[in-house]
S.K.: 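Can you keep this structure in mind? I'll have questions shortly.
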Number of protein chains: 2
Amino acid sequence: MLKRREKSERLPAAARRAQLIEVGRAVFAKKGFEATSVEEIAEQAKISKPIVYEHFGGKEGLYAVIVDREVEHIVGRIVEAVATGSARERLERAVIAYLSYVKERPDGFAVLLRDAPSAAPRGEMPALMYDLADKVGDIFTQQFRDAGYDAKAAPIYAHALVGMVAFVGQWWTETRRPPPAEVVAAHVGALAWMGLRHLPKKPTLQK
Amino acid sequence: MLKRREKSERLPAAARRAQLIEVGRAVFAKKGFEATSVEEIAEQAKISKPIVYEHFGGKEGLYAVIVDREVEHIVGRIVEAVATGSARERLERAVIAYLSYVKERPDGFAVLLRDAPSAAPRGEMPALMYDLADKVGDIFTQQFRDAGYDAKAAPIYAHALVGMVAFVGQWWTETRRPPPAEVVAAHVGALAWMGLRHLPKKPTLQK
DNA sequence: ACAGTAGCTTACGTCAGCGTAGGTTTGAGG
DNA sequence: CCTCAAACCTACGCTGACGTAAGCTACTGT
């Protein structure tokens with residue numbers, strides 16, 4: 001019963017690099033940064049450990065590359081989605097962009113969600129979301145001011161909106177027989193839009 | 001320059017246990033489960049490592065106790081909040097309960113938020129939230145059916161709602177000069193309520 | 001045919017961190 | 001004063017995982 005690595009093709013550097021990124025993404029997604037060992041990634045890629053060091057300098061290096069790529073991916077999609085159209089269209093297209101990212105790259109999504117290395121307070125994804133919400137908050141603040149609402153409440157609504165999308169996205173990936181992204185986006189868009197349109201000038205607690 | 005532990009009081013077992021839970025919560029909150037060492041907890045508590053093992057059997061043991069307590073805390077508060085009142089009152093009181101938990105026990109909150117040990121797909125908090133959203137989804141499904149809306153969309157709204165609260169809560173703990181919990185709850189309540197009340201029977205994508 | 005290089009391997013040094021064995025201090029009660 | 005138990009400590013064994021040294025293999029071009 002001796003453990004033998006199946007022999008695998010020799011690959012040119014670029015291809016090996018690409019493969020390691022793929023494999024690494026999968027493993028980091030499944031176990032998180034801390035719990036992942038370089039050995040395991042090497043094993044999955046059917047090569048030996050030093051190769052990983054050759055290409056990425058170590059665990060953090062590989063991780064950084066993976067995260068960077070994923071951030072590019074998702075930010076790119078969302079930026080593209082909100083480039084044109086009415087405010088509500090932009091919202092709904094952003095939701096669709098987010099959902100399709102999440103569906104198409106579940107491992108990347110998981111990596112972004114998880115704890116980053118070195119005791120970071122949150123994963124990359126929550127951090128991105130938070131920043132995004134802050135930006136949305138700035139826009140809302142202006143709009144609220146113009147419309148005579150309490151501008152100090154704008155960040156609340158901005159974070160609520162982003163949180164809504166983030167959470168629905170998570171549900172959407174995990175539920176069996178998920179509805180099409182467009183349907184989800186339409187519902188989320190409706191909820192947000194109707195909610196925001198019908199806000200009282202000064203909300204007060206019930207009872 | 002020799003490193004010497006300041007001598008500390010001897011404590012009866014119960015008190016030491018309590019102290020270790022406090023200290024452990026703080027350290028786990030700051031570094032996450034994997035990155036925390038038993039040594040560090042012992043050091044912070046001004047005792048030596050084996051004491052931790054005596055009381056909790058190890059890192060996982062201590063962690064489990066801490067998480068369990070926090071879950072009790074937050075679930076208890078929310079259950080109490082939704083015990084009575086109109087639907088909207090319950091919602092707003094649940095938000096207040098959540099926010100005050102988050103504010104009063106930031107370390108506990110952080111522990112629940114972070115990755116659990118052993119490659120769990122998410123932290124305890126997201127898991128709790130997800131379960132909660134599923135429950136809300138069941139309620140919504142019934143309501144939607146009665147009101148002639150598409151019942152299949154109910155989970156979307158339920159998760160949206162919970163996500164909204166979760167995310168706003170996170171923002172609220174981290175923002176400087178946060179508004180009072182009641183104000184936040186009123187805004188979130190208004191957004192959700194107005195949004196849900198004015199939903200079209202069949203939302204469709206804009207454009 | 002053979003040199004040179006890209007791709008890869010085995011084997012190791014090192015260290016952090018878990019968990020434990022066994023002994024030491026402190027104080028309370030007879 | 002002596003016993004005994006609770007609280008605590010020092011010191012160690014061991015594993016897993018990072019990162020590196022040194023050398024092997026197979027392809028490519030002349």
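Each chain gets a letter, A, B and so on, in the order its sequence line appears, and its residues count up from 1. Atom set for the values below is all heavy atoms of this structure, side chains included, hydrogens, waters and symmetry mates excluded.
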S.K.: With the sugar-phosphate defined as primed atoms, P, OP1 and OP2, and the base as all remaining atoms, what B/S/- string results for nucleotides 25-30 of chain D, 5' to 3', for protein heavy atoms under 4.0 Å?
M.R.: BS----
S.K.: Provide, to the nearest angstrom, the distance between the NZ atom belonging to A:Lys46 and the C1' atom belonging to C:dG7.
M.R.: 17 Å
S.K.: Return the value, rounded to whole Å, for the distance between atom CZ of B:Arg16 and atom C1' of D:dC9.
M.R.: 12 Å
S.K.: CD1 of B:Ile51 versus P of C:dT24: gap in Å, rounded?
M.R.: 16 Å
S.K.: What's the NE2-C1' distance between B:His55 and D:dC9, to the nearest Å?
M.R.: 14 Å
S.K.: Can you tell me how far C1' of C:dT26 sits from CD1 of B:Ile47, to the nearest Å?
M.R.: 17 Å
S.K.: Would A:Arg122 count as a cation-pi partner of A:Tyr130, with NZ or CZ less than 6.0 Å from the six-membered ring centre and within 45° of the ring normal?
M.R.: yes
S.K.: Hey, can you tell me if A:Tyr101 and A:His73 have their rings parallel, tilted or perpendicular (30° and 60° cut-offs)?
M.R.: tilted
S.K.: What is the distance, rounded to the nearest whole Å, between atom CZ of B:Phe56 and atom P of D:dA7?
M.R.: 13 Å
S.K.: Using whole Å, report how far CD of A:Gln19 lies from P of C:dG7.
M.R.: 13 Å
S.K.: Starting from C1' on C:dT25, measure out to CD on B:Glu9 and report it in whole angstrom.
M.R.: 15 Å
S.K.: Would A:His159 and A:Asp134 count as a side chain to side chain donor-acceptor pair (under 3.5 Å) if you check the C-alpha gap in whole Å, the side-chain angles of each, and the deciding distance to 0.1 Å?
M.R.: CA-CA 7 Å; A:His159 282 264; A:Asp134 274 346; 3.2 Å; yes
S.K.: Any ion pair linking B:Arg25 and B:Glu70 (charged N to carboxylate O, less than 4.0 Å)?
M.R.: yes
S.K.: What pair of heavy atoms forms the shortest contact from B:Gly169 to B:Leu99, and how long is it?
M.R.: CA-CD2, 3.5 Å
S.K.: Considering non-hydrogen atoms only, spot the tightest contact between A:Leu161 and A:Ala192 and give its length.
M.R.: CD1-CB, 3.4 Å
S.K.: Looking at B:Glu72 and B:Arg69, does any basic side-chain N land under 4.0 Å from a carboxylate oxygen?
M.R.: no
S.K.: Aromatic rings B:Tyr149 and B:Phe144: how do their planes relate, parallel, tilted or perpendicular, breaks at 30° and 60°?
M.R.: tilted
S.K.: Looking only at atom types and distance, does a side-chain atom of A:Lys103 sit under 3.5 Å from a main-chain N or O of A:Ala181, one as donor and one as acceptor?
M.R.: no
S.K.: In degrees rounded to 10°, what angle is found between the helical axes fit to the five outermost pairs at each end of the helix from C:dA1-D:dT30 to C:dG30-D:dC1?
M.R.: 10°
S.K.: Hey, what are the protein-to-nucleotides 15-22 of chain C N/O distances that come in under 3.5 Å?
M.R.:
residue : atom : partner : partner atom : Å
C:dC18  : OP1  : B:Thr36 : O            : 3.4
C:dC18  : OP1  : B:Val38 : N            : 3.2
C:dC18  : OP2  : B:Val38 : N            : 3.1
C:dC18  : N4   : B:Lys49 : NZ           : 3.4
C:dG19  : OP2  : B:Tyr53 : OH           : 3.2
C:dG19  : N7   : B:Lys49 : NZ           : 3.0
C:dG19  : O6   : B:Lys49 : NZ           : 2.3

S.K.: Using ring pair (Phe, Tyr, Trp, His ring centres under 6.0 Å), reason through B:Phe140 and B:Tyr157 one step at a time and then give a plain yes or no.
M.R.: CA-CA 8 Å; B:Phe140 278 15; B:Tyr157 292 104; 7.6 Å; no
S.K.: Would you call B:Arg93 and B:Glu80 a salt bridge, using N to O less than 4.0 angstrom?
M.R.: no
